[in-house]
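Contents: one structure, followed by commentary.
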Amino acid sequence: WVRMVTAQTPTNIAVIKYWGKRDETLILPVNDSISVTLDPAHLCTTTTVAVSPSFDQDRMWLNGKEISLSGGRYQNCLREIRAQACDVEDEEKGIKIAKKDWEKLHVHVASYNNFPTAAGLASSAAGFACLVFALAKLMNAKEDNSELSAIARQGSGSACRSLFGGFVKWIMGKAEDGSDSLAVQLVDEKHWDELVIIIAVVSSRQKETSSTTGMRDTVETSLLLQHRAKEVVPKRIKQMEEAIKNRDFGSFAQLTCADSNQFHAVCLDTCPPIFYMNDTSHRIISCVEKWNRSEETPQVAYTFDAGPNAVLIAHNRKAATQLLQKLLFYFPPSSDADLNSYVIGDKSI
Ligand code: DP6
């Protein structure tokens with residue numbers, strides 16, 4: 001027999017960034033972060049997990065190509081979920097798995113991204129969240145989504161925030177074992193559904209410095225990170241929660257842009273400095289800043305992760321349409337700016 005489960009998980013975009021770990025193995029961050037989860041129709045991972053007594057080892061395929069599961073992060077997630085596995089009884093298929101059997105059984109995992117893995121569009125976040133969620137269903141683990149987020153976190157920090165839709169907060173926690181470092185939903189996807197997210201793909205090349213090594217260098221060398229984690233982010237988290245609760249787009253945009261800029265300043269403050277944005281990214285920032293200043297209240301927020309692609313959050317559909325017109329005017333498809341595609345997604349689960 002074979003027992004199979006398929007799950008789909010969208011990616012998330014941080015509006016208050018996670019950057020820097022206090023524990024690299026458990027993946028514990030130096031500050032809280034807040035993100036928005038995208039609509040699964042646009043950027044998501046679909047993962048099928050299967051178990052059968054005929055499987056003689058754990059195996060995984062990503063976009064059809066077999067990848068190694070020997071990395072510590074996969075092993076940690078698999079071990080943690082196995083520890084939570086329960087009895088499974090599927091009368092229809094005549095499958096009965098006792099809790100103690102899970103230690104001996106092997107799983108096969110097939111995962112697909114509906115967006116280019118190399119595009120620097122937070123593929124690990126959706127990937128690990130989906131893997132953990134699918135395995136939890138396969139093994140009948142009783143954990144709620146926050147408890148599962150603490151397992152997904154051990155695959156990739158940002159993955160813990162993809163277990164929920166809407167706006168999500170990753171609480172950094174205090175415990176040394178990481179048990180209180182988990183994600184909670186702030187508001188669901190219906191709370192602020194007029195927002196429209198546009199991703200301007202500036203470059204689909206793989207990033208030069210991975211988040212993991214970049215963060216390590218930052219923690220070791222940047223004084224600005226200390227200031228950010230202790231003084232700036234705690235205040236911003238409170239203000240951001242308030243802005244989201246009140247659907248206050250002016251404050252939301254100001255905080256989102258400021259936090260993205262400080263994250264990139266921290267990267268510059270790292271030795272050797274890390275450059276994630278390029279000239280096109282900078283031009284997009286100038287364009288949005290200029291437009292926002294010409295209006296009574298900001299219309300668009302921008303945020304950039306560990307790469308040059310712009311995530312633009314428009315106040316509503318009208319602002320999104322105007323934004324696209326401006327982007328197409330300033331960056332026509334034939335220009336050498338390499339800004340050739342847009343991914344448009346509504347914010348929702
Ligand atoms: C810039 O979650 O990819 O996107 O925990 O080492 O896997 P690891 O890092 P990762 O870092 C994401 C960093 C970020 C900001 C964010 O998503 O909060």
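Because only heavy atoms are used, hydrogens play no part in the values below, and waters and symmetry mates are left out as well, while side chains stay in. Whatever order the structure lists them in is the order used to number ligands and atoms, beginning at 1.
No hydrogens or angles considered: nothing links the side chains of Thr47 and Thr45 as a donor-acceptor pair under 3.5 Å. For Ser181 and Trp170, the side-chain atoms include at least one donor-acceptor pair closer than 3.5 Å. Ser179 and Asp177 share a side-chain donor-acceptor pair at under 3.5 Å. Under the 3.5 Å distance criterion, with hydrogens and angles disregarded, a donor-acceptor pair is assigned to the side chains of Asn76 and Arg79.
Close approach to Ala14 involves these atoms of ligand 1, each under 4.0 Å from a residue heavy atom: 16 (C), 17 (O), 18 (O).
Below 30°, between 30° and 60°, or above 60°: for His315 and Phe249 the angle between ring planes is below 30°, a parallel geometry.
Between Glu241 and Lys238 no salt bridge is recorded (no basic side-chain N to carboxylate O distance below 4.0 Å).
At a 4.0 Å cut-off, at least one heavy atom of Ser124 sits close enough to ligand 1 to count as contact. Contact analysis puts Phe263 in contact with ligand 1, with a non-hydrogen atom separation below 4.0 angstrom.
By heavy-atom distance, the residue among Glu24, Lys21, Lys17 lying nearest atom 6 (O) of ligand 1 is Lys21. Comparing Gly155, Ser158, Cys160 by heavy-atom distance to atom 10 (P) of ligand 1, the nearest is Ser158. Here the shortest heavy-atom distance to atom 11 (O) of ligand 1, taken over Arg216, Met215, Arg161, belongs to Met215.
Contact annotation for Ile27 and ligand 1: only side-chain heavy atoms (C-beta onward) come within less than 4.0 Å of the ligand.
For the pair Asn12 and ligand 1, the shortest N or O to N or O distance does not fall below 3.5 Å. On a distance-only criterion, Trp19 and ligand 1 share no N/O pair closer than 3.5 Å.
Here the side chain of Thr48 pairs no donor or acceptor atom with the backbone of Ala110 at under 3.5 angstrom.
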